[in-house]
Amino acid sequence: MKSSNGKIRDSEASAWSRMVTSESEWPDKEEFLDVIYWMRQVLGIFVGFVWGIIPLTGIVGLALFCGINAGIIYIYFNMFQKVDEEEYGGPWELTKEGFMASFAGFLVTWTIIYSGLHFSDQDLQLQHIPTS
């Protein structure tokens with residue numbers, strides 16, 4: 001956000017710079033959890049677009065999303081940021097932070113893109129079943 005004089009506040013600039021800088025210090029735990037949350041939302045929508053375009057369907061698509069989503073976030077906080085997981089309640093707490101919201105965004109995006117690209121009008125019409 002911009003302050004009254006039009007400049008970006010230091011706290012926001014530093015959050016962005018810490019997000020992309022390896023082994024950053026996170027004095028505010030909530031700020032780091034916010035970064036994890038929003039990274040996961042962007043990732044969910046991105047993967048939804050990709051799965052819709054490919055087209056990937058079924059349990060394979062769901063399982064791959066879960067694995068990729070959890071894996072990328074785990075690699076980010078464990079290998080890139082190298083945070084002390086115990087400060088946040090352990091690796092499971094960080095891994096599940098924002099997962100369900102990300103999953104919802106992924107499902108909506110995947111469904112809309114897949115349906116828009118891979119269904120025709122005939123696919124959407126009800127079939128007439130002849131009666132005898």
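Computed from a prediction, not measured in an experiment: that's the story for all the values here.
Annotation: side chain of Ile73 is not in contact with side chain of Leu94 (no heavy-atom distance under 4.5 Å). Within the 4.5 Å cutoff, the side chain of Glu85 has no heavy atoms near those of the Trp92 side chain.
The side-chain contact (heavy atoms from CB on, under 4.5 Å) search around Val108 returns Ile112, not counting sequence neighbours. Among residues two or more places apart in sequence or in another chain, the ring-ring contact (aromatic ring centres under 6.0 Å, His included) test is passed with Tyr76 by Phe80. Residues that satisfy the side-chain contact (heavy atoms from CB on, under 4.5 Å) test with Val20, not counting sequence neighbours, are absent from this structure. By the ring-ring contact (aromatic ring centres under 6.0 Å, His included) test, Tyr74 pairs with Phe77, sequence neighbours left out.
Pairs passing the salt bridge (Lys or Arg N to Asp or Glu O under 4.0 Å) check and including a residue from residues 49-71, sequence neighbours excluded, do not occur. Listed by first and then second residue, the salt bridge (Lys or Arg N to Asp or Glu O under 4.0 Å) pairs that reach into residues 43-57 come to none, sequence neighbours excluded. Within the structure, side chain to side chain donor-acceptor pair (under 3.5 Å) pairs that include any residue of residues 44-73 comprise Arg40-Asn69, Asn69-Ser102 (at least two apart or interchain). Every pair passing salt bridge (Lys or Arg N to Asp or Glu O under 4.0 Å) that includes a residue from residues 68-83 is listed here, sequence neighbours excluded: Glu23-Lys82. The salt bridge (Lys or Arg N to Asp or Glu O under 4.0 Å) pairs that include a residue from residues 96-105 are Glu93-Lys96, where partners are two or more places apart or lie in different chains.
Other members of the hydrophobic cluster containing Tyr37, listed by chain and number, are Trp38; membership follows side-chain contacts under 4.5 Å among ILVMFWY residues, whether direct or relayed. Annotation for Met79: hydrophobic cluster partners, listed by chain and number, are Ile75 (ILVMFWY side-chain heavy atoms under 4.5 Å, direct or chained). Other cluster members for Phe49: Ile45, Ile53, Ile113, Leu117, joined by side-chain heavy-atom distances under 4.5 Å among Ile, Leu, Val, Met, Phe, Trp and Tyr.
Side chains of Glu87 and Trp26: a donor-acceptor N/O pair is absent below 3.5 angstrom, by distance only.
Between the Gln41 side chain and the Ile36 main chain, no donor and acceptor come within less than 3.5 Å of each other.
Ring centroid separation for the pair Trp110 and Tyr114 does not come in under the 6.0 Å cut-off.
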(request) Might you work through the side-chain contact (heavy atoms from CB on, under 4.5 Å) test for Phe32 and Gln81, ending with a clear yes or no? (result) CA-CA 10 Å; Phe32 183 66; Gln81 288 296 338; 3.9 Å; yes

